[in-house]
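In this chain, numbering begins with 1 at the start of the sequence shown.
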Amino acid sequence: AEADDIAVSIGGVGLARADKVSVEMGGIGLAIADDARLSQGFARFMIAREASVEQGLIGTLITGRATVKRTTGVFLLVAGRVDGPVKAVLDWRGGLAFGAAFGLFWALLRRR
C-alpha cells in the first residue's frame, strides 16, 4: 500500500509506504514512513523518522526517535533516541557484532 496516510485496524499489510502509518491490533511486514505507530501488534520491519509503539513486537526498528508507552519487545533496535520501557535483544552495537560474527562464519563455511 502506498498513500499519504495508512491506518490498519485488526488486519495486516505486507508493505506500507506513507507519510503516516498506523497499525492497531494487526501486523505489518515492512513500514516506511515519516511517522509510524504500532499499537498491540507486530511488525517485521519499521523504518521511520518517528516511531510510537504501545505493547508491540518488532523484528527490526530503525528510527530517529522511538517512543514506547508500554513494554515492547524489539529484536534489533537502531534509534537516535528512545523514550520508554523497551526490551531490545540487539542494539546497534550488538547488531554490528552479530553481523561481523555471522559474516566471518559464512566466509569460513563457504571456503570448504
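- What you find for Gly11 and Val8 is that their closest heavy atoms are C-CG1, 3.6 Å.
- Once rounded to the nearest 0.5 Å, the distance linking CG of Leu61 with CZ of Phe75 reads 13.5 Å.
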(request) Begin with the C-alpha distance, continue with both residues' side-chain angles, and end with the deciding distance and a verdict on side-chain contact (heavy atoms from CB on, under 4.5 Å) for Thr60 and Arg44. (result) CA-CA 6 Å; Thr60 303; Arg44 180 66 186 112; 4.3 Å; yes
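- Across all their heavy atoms, Leu38 and Gly56 have their closest contact at CD2-CA, 4.3 Å.
- The closest side-chain heavy-atom distance from Ser52 to Lys69 is below 4.5 Å.
- The aromatic rings of Trp106 and Phe102 lie parallel to each other, their planes meeting at an angle below 30°, with 60° marking the opposite boundary.
- Hydrophobic clustering keeps Phe42 apart from Val53 (ILVMFWY residues linked when any side-chain heavy atoms are closer than 4.5 Å, directly or through intermediates).
- Atom CD1 of Ile62 and atom CG of Leu76 lie 6.5 Å apart (nearest 0.5 Å).
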(message) Set out, in order, the CA-CA distance, both residues' side-chain angles and the distance that settles side-chain contact (heavy atoms from CB on, under 4.5 Å) for Arg49 and Arg65, then state yes or no.
(response) CA-CA 7 Å; Arg49 185 176 310 167; Arg65 181 176 182 185; over 6 Å; no
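- Rounding to the nearest 0.5 angstrom, the gap separating the CZ atom in Arg81 from the CD atom in Glu50 is 10.0 Å.
- Grouping the Ile, Leu, Val, Met, Phe, Trp and Tyr side chains by contacts below 4.5 angstrom, directly or via other members, places Leu30 with Val78.
- Side chains of Asp5 and Asp19 form no contact here, defined as non-hydrogen atoms less than 4.5 Å apart.
- Scanning both residues, Val21 and Ala31, for their nearest heavy atoms gives CG1-CB, 4.3 Å.
- When all heavy atoms of Met46 and Arg37 are compared, the closest pair comes out as CE-N, 4.5 Å.
- Residue Val13 is grouped with residue Val23 when hydrophobic side chains (ILVMFWY) are merged at heavy-atom distances under 4.5 angstrom, including chains of intermediate members.
- Leu57 is not connected to Ile28 by any chain of hydrophobic side-chain contacts under 4.5 Å among Ile, Leu, Val, Met, Phe, Trp and Tyr, and they are in different clusters.
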